Protein chains: 2
Amino acid sequence: MEQSQPLAERIANQLRRHILLGSLAPGVSIKERDNAEELGVSRTPMREAIRILAKEGLVVLRPARSPIVAAPSLKEVSDDLEVMSALEVLSGRLACKNATPEDLAEIERLYQKMLDTARNGDSVDLFEVDMDFHRAIAAASHNKSLAETHSAYVARLWRTRYLSASIKSDRDRSLRQHGEIVRGLKARDARFVAKEIGSHIRHVVTNVADLFDEREA
Amino acid sequence: MEQSQPLAERIANQLRRHILLGSLAPGVSIKERDNAEELGVSRTPMREAIRILAKEGLVVLRPARSPIVAAPSLKEVSDDLEVMSALEVLSGRLACKNATPEDLAEIERLYQKMLDTARNGDSVDLFEVDMDFHRAIAAASHNKSLAETHSAYVARLWRTRYLSASIKSDRDRSLRQHGEIVRGLKARDARFVAKEIGSHIRHVVTNVADLFDEREA
DNA sequence: CAATTGTTTTTGGTATACCAAATTTCCATT
DNA sequence: AATGGAAATTTGGTATACCAAAAACAATTG
């Protein structure tokens, strides 16, 4: 009953999917015993998996209480996006300095794939490519800590951004902005890239705020 | 054998101290069994404590091997500092917008304490106040995620910055810079604060690089 | 009927037992 | 003496057992 990858991480991945896709709704409790039994594993790795997700901010631990799926408020999501924006801007700046031609080629490839998916694929596919695009920029910074921390925020904000991305209204603007970012990176114009990334995320914040407003109806 | 605070966290705190103060040198392995027995606890909380420190970057987990105390290279430390700098700059900017008068008073109090400690106390005390000062700025941003992520980097870089702070040569410049930061915050001049914080950390990077050079001798 | 207290149940925290992979040791063979 | 490999040991991963605190529930009492 084991593999090359620790069981706890596989459980964490599984739980993460359930949370992000919504089959584990925000606010519901995750009982060690029940969930472990349900997946046919013992409490020990389940416990560790929960801790992993807690560090990522997807579940919150309460002393002497069941952990629950995080239900972030608009303020918390906005705060997360603000940090993530700073991380991405830094990524962009560093990428202008450190990106190899291969890095740039990969980023451009993802951008083309994005244009393609926008025309033919569904919104989930498009979203996946979008995430890959931003992750590729972080990787191109050649700063491992930055890429890791950025990745943690991507995970935490996955669900929110997924919902935000389903707002098709300004998909065109979004695509255009990504194009600008690619252009800036290739020209290694750090200031321009920083401006575009900042603007891009500000739009995401706006969309998310709208989503929260609608939810109250 | 339990308290209000989970045992794992207390163990993590204890291990963290040992690592940061150097009694657990970089590179040495942390065996679950041995360390647990040494502290008179079982493997379960020890295991969890190790995972906590791994997430913080203080120990590294190797598949099917003992975890070891992290021995970051100059490149890794510089990368960490680069991210931390961005986080602090963002903190400063947001603090200019969101800090309450109480926040500012607390920051100024810490600054005065710093001046006082520089005159009378030892370098460890001074360092502690320094860390508190930067943490207070992050807190004044009123962005919880930012404060938490920043705090994680503070912990990871604790030892390095501690060593860096023992370089007394530019203690005066450092103190003056902190004063400028306080001045900027009170004037709520985000641009000025960002500039000063950035400059401050660039000096830290320089000091750390010197330290790494010396170590090779 | 409400309130309070005592009991049962649920739940997370901790300890221990067991297993398999990986390392090390050491002997047999050349 | 060198080497190949098998057995023993070490170590982390997983399962299970036990405990205490907290919550839920029930019963008793005013």
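To find a chain, count down the sequence lines: A is the first, B the second, and so on, and within it residues start at 1. Being a predicted model, the structure only gives us computed values, none of them experimental.
- For the pair B:I68 CD1 and D:dT11 P, the computed distance is 15 Å after rounding to whole Å.
- Separation of the A:W158 and A:Y153 ring centroids does not fall under the 6.0 Å cut-off.
- Atom CE in A:M46 sits about 16 Å away from atom C1' in D:dT16, given to the nearest Å.
- Residue A:N35 contributes atom CG, which lies 17 Å from atom C1' of D:dA15 at whole-angstrom precision.
- Contact annotation: B:T44 side-chain N/O to C:dT14 OP1/OP2 distance is not under 4.0 Å.
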Side-chain donor-acceptor pairs of residues 55-69 of chain B under 3.5 Å, sequence neighbours excluded:
{"unit_1": "B:E56", "atom_1": "OE1", "unit_2": "B:R16", "atom_2": "NE", "d": "2.9"}
{"unit_1": "B:E56", "atom_1": "OE1", "unit_2": "B:R16", "atom_2": "NH2", "d": "3.4"}
{"unit_1": "B:E56", "atom_1": "OE2", "unit_2": "B:R16", "atom_2": "NH2", "d": "2.8"}
{"unit_1": "B:R62", "atom_1": "NE", "unit_2": "B:S66", "atom_2": "O", "d": "2.8"}
{"unit_1": "B:R62", "atom_1": "NH2", "unit_2": "B:S66", "atom_2": "O", "d": "2.7"}

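- One can place CD1 of B:I11 at 12 Å from C1' of C:dA15, the figure rounded to the nearest angstrom.
- Residues that satisfy the side-chain contact (heavy atoms from CB on, under 4.5 Å) test with B:K144, not counting sequence neighbours, are B:E148.
- Rounded to whole Å, atom P of C:dG13 lies 19 Å from atom CZ of B:R43.
- For A:R171, the salt bridge (charged side-chain N to carboxylate O under 4.0 Å, His left out) test picks out no residue, with sequence neighbours left out.
- Pairs engaging residues 37-50 of chain A under the salt bridge (charged side-chain N to carboxylate O under 4.0 Å, His left out) rule: A:E32-A:R43, A:E32-A:R47, A:R47-B:E48, A:E48-B:R47, A:E48-B:R51 [sequence neighbours left out].
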Take B:H150 and B:H134 through the test ring-ring contact (aromatic ring centres under 6.0 Å, His included) and record every step on the way to the result.
-> CA-CA 9 Å; B:H150 174 262; B:H134 288 279; 7.3 Å; no

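- Of the residues in residues 54-62 of chain A, not one comes within less than 4.0 Å of DNA chain C through any heavy atom.
- For the pair A:L7 CG and D:dG12 P, the computed distance is 18 Å after rounding to whole Å.
- Within the structure, salt bridge (charged side-chain N to carboxylate O under 4.0 Å, His left out) contacts touching residues 200-214 of chain A (residues at least two apart or in different chains) do not occur.
- Put simply, B:R47 has a side-chain N or O that comes within less than 4.0 Å of OP1 or OP2 on D:dG13.
- Residues satisfying the side-chain contact (heavy atoms from CB on, under 4.5 Å) test with B:A152, not counting sequence neighbours, are none.
- Residue A:R51 places its side chain closer to C:dG13 than to any other of D:dA15, C:dG13, C:dA17.
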For nucleotides 7-11 of chain C, list the nitrogen or oxygen atoms of the protein found under 3.5 Å from its nitrogen or oxygen atoms, one pair per line.
{"unit_1": "C:dT11", "atom_1": "OP1", "unit_2": "A:K31", "atom_2": "NZ", "d": "3.4"}
{"unit_1": "C:dT11", "atom_1": "O3'", "unit_2": "A:S66", "atom_2": "OG", "d": "3.3"}

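- One atom, CD of B:E37, and another, P of C:dT14, lie 19 Å apart when rounded to the nearest Å.
- Listed by chain and number, the residues in a salt bridge (charged side-chain N to carboxylate O under 4.0 Å, His left out) with B:D103 amount to none (sequence neighbours excluded).
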